[in-house]
Every structure is written in structure tokens, then in C-alpha cells.
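To keep things clear, I will list the structure first and then write my remarks on it.
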Number of protein chains: 2
Amino acid sequence: MPAKRHAKRRSECPLNASVEMLGDRWSLLIIRDMMLRGFRTYKEFLECYEGIATNILADRLRKLVAYGIVTTELDPSDGRKVIYLLTEKGIDLAPVLTEMVLWAAAHEDTGNQALVRQMQKDKTQFLAGVRKRWAKQVVPPERKRSGSETA
Amino acid sequence: MPAKRHAKRRSECPLNASVEMLGDRWSLLIIRDMMLRGFRTYKEFLECYEGIATNILADRLRKLVAYGIVTTELDPSDGRKVIYLLTEKGIDLAPVLTEMVLWAAAHEDTGNQALVRQMQKDKTQFLAGVRKRWAKQVVPPERKRSGSETA
DNA sequence: CAAGTTACTTGTAAAATGCAAGTTAAGTTA
DNA sequence: TAACTTAACTTGCATTTTACAAGTAACTTG
């Protein structure tokens, strides 16, 4: 169900719509951290490998919520915490992330080969896994479990 | 064949690599114009719907060439013209573009439904088409043919 | 209740972007 | 062949975005 058109887009092109929402240096990394690493709080995002600045993080989260890609709820057991979750629309970005990972892995010298191999082996199954882990009443998978990182 | 790692990336993550190369408001639109609309000269890119500024266009083309996504050659029949072409690496972005288009089409109110339906109907065939049209000694398809735009 | 945590905001410097106006080399026209 | 046009940029400057450092308010913990 398409959302109503954002105020003033530069064009009607669907690719442009995606680029206007996601075309910056941080948004997709935040989504990656939610989708693949199970991050859900501000503090966790702040500690991402790439080192996002706190004001930029706040701004990006605000925009992702405004776009309907992310929702928030309050942590019932800790009044300080805000929990950030992917919406359906956000989960539907999994194929985009996957193709971007596979493209970079094919053409650049990058790390996290475990994830890449998993995606290469069976893309469909990988996407099903993401979808399943994010099915309503999410319990983000394998957080804090020691061993190889997921992203 | 992976390229050697770019000077200083923020992290080893393949998604981050993609974002560092393509995560801005213009790069993917330029690639779209090459891939889907058959654009190949500076002037054509300048006239894109979204209205890129000339200095930004020059900068993005320079970067895309540096990343190995685009190459240039001189037009043998007009010494003023520079011809920009997608490399294999650039053509391999087709699945990324496709997923971004399908995502936006599914969740936003966008135009160019012809392209979207074509992608939805048979993604594999669509990608094969792009690949075929860009096979060595490219003659970009259907440029200047009247009727519905391709992108 | 004092000391931490969490999720931010504010201020400011640095970098990226956008806009208008050149510039240069090559091609076209009268 | 001189004047004009075109293609691909560059330059200068104002505006916007990003980055970095330092707060702050609400809440929890010991």
C-alpha cells in the first residue's frame, strides 16, 4: 500500500524516491544494524563500527520514522529506553541490502565473508530468514551471543 | 575480481563499501540514466529530470570512473564529446537498482509504472535484457525513439 | 538520594551542495 | 576563414549538511 507522495520530490521516478529516502551515508547502515545485528536502541546504533555522530543519528532515526521505515515504542521495563523497530516497509528493504552486499563483495575487497557466503548460497532462504526473525513480536536474533558477528 | 581496498574505509562491511561509493543523492540516478535511458554524454546527464548541477555532475562522474563503475572514451566522430559507459562492475548494479525500484514502487506513490511492471513480471528476464543491451560494443537501446520513456 | 545511564539537544567548525557565470577546445555556418 | 555554436568542464560564492564536542533532562541503580 503506497504511502502518499512526499511533499516535493525531484521526480516521479521510483529510483529517485528510494534515493531521496536512503541515499546518504548512514540510513542503510542503521537499517543493516537493525536487520542483521538486532540493534534496537539509540546507544547500540551509536556504537556501530562506522562511528555515527549523535546528532546525525538522531536526525536519521527521525527521518526513518517519518518515512515509515522504522517505528518506536517505549521499553516497558526501562523508562529511559526507546526501542526502534523495522516496519514491514523496513523489512522489505532486505533485498536491497542483499544486492548491495553481494555487489560490493563481488567487486571490492571486503570483510564479513560469512554473511556474504550465506547470501550467495541461497538468497531466497536468507531473505526468508530475515523475514521470519522479524515476524511480529520480534525477538531480535542472536544478539550478544559470542562468536562471529553477523554484520 | 575484487578491487584493492579503497584508501580508508569506515569499516570492512560490504554494505558500507557500497554506501561509500553510491550513498549520495546523485550517483545512482546517473547510473539509472546510463542503464535504462541509454545516456552517454555529459550534456544528456545534465538534462536529467532531477536537475543535477554541473559541478556536482563532473564530480560524480569523476568518482564513478575512479571506482571503476564507469569508463570514458572519446567520440571518434566528434572530438568535443566524451562518451561515458558502464563497466561490468557498473552493469552489475542492475539488481541493486531493480530492488530499489521495486521497493519504492511497492511502498510509495511513484510514476513509471511500465518499468515497474516489467521488473515485477520477470526480474531475471529484465536483468538479462539490461545485460544483453550492454554487451560489449554497446549500442544503447531505443534512444531517441518516441513514445514512453524508459526511466 | 547520589551517581550513573539513556536518549537526546546545542553550538560551532568543516565539508558538501547548489547556483550562476565563466573558460577552452572542437565543430559548424555564412 | 572569421564568427558563431556546442560540449565539457571550472571557478567563485552562498547555503546546507555533516562532524565533533559539550551539554541536559528523565529515569534507574546502589
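Just so it is clear: chains get the letters A, B, ... in the order the sequence lines come, proteins before strands, and each one is counted from 1.
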| Reading nucleotides 4-11 of chain C 5' to 3', which nucleotides get B (base under 4.0 Å from a protein heavy atom), which S (sugar-phosphate only), which -? | BBSSBBBB

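- Taking five base pairs at each end of the helix from dC1(C)-dG30(D) to dA30(C)-dT1(D), the local helix axes there meet at an angle of 10°, rounded to 10°.
- Considering only residues two or more places apart in sequence or on other chains, Asp75(B) meets the salt bridge (charged side-chain N to carboxylate O under 4.0 Å, His left out) condition with none of them.
- In this structure, Leu74(B) atom CG and dA25(C) atom C1' are separated by 12 Å, rounded to whole Å.
- The salt bridge (charged side-chain N to carboxylate O under 4.0 Å, His left out) search around Glu73(A) returns none, not counting sequence neighbours.
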For residues 54-62 of chain B, run the donor-acceptor check on the side chains, cut-off 3.5 Å, and write out each pair with its distance to 0.1 Å, sequence neighbours left out.
residue: Thr54(B); atom: OG1; partner: Tyr42(B); partner atom: OH; Å: 2.7
residue: Asp59(B); atom: OD2; partner: Lys63(B); partner atom: NZ; Å: 3.3
residue: Arg60(B); atom: NH1; partner: Asp24(B); partner atom: OD1; Å: 3.2

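- Along DNA chain D, read 5' to 3', the first and last nucleotides having any atom under 4.0 Å from a heavy atom of chain A are dT18(D) to dT28(D).
- Looking at Glu108(B) and Arg9(A), a side-chain N of the basic residue comes within less than 4.0 Å of a carboxylate O on the acidic one, giving a salt bridge.
- Side-chain N/O atoms of Trp26(B) include one lying less than 4.0 angstrom from OP1 or OP2 on dG18(C).
- For Ser77(A) and Gly51(A), each mapped to the nucleotide of DNA chain D holding its nearest heavy atom, the one lying further toward the 5' end belongs to Gly51(A).
- Spacing between atom CZ of Arg25(A) and atom P of dA16(C) amounts to 9 Å, rounded to whole angstrom units.
- The distance between atom CD of Glu20(B) and atom C1' of dA16(C), rounded to the nearest whole Å, is 15 Å.
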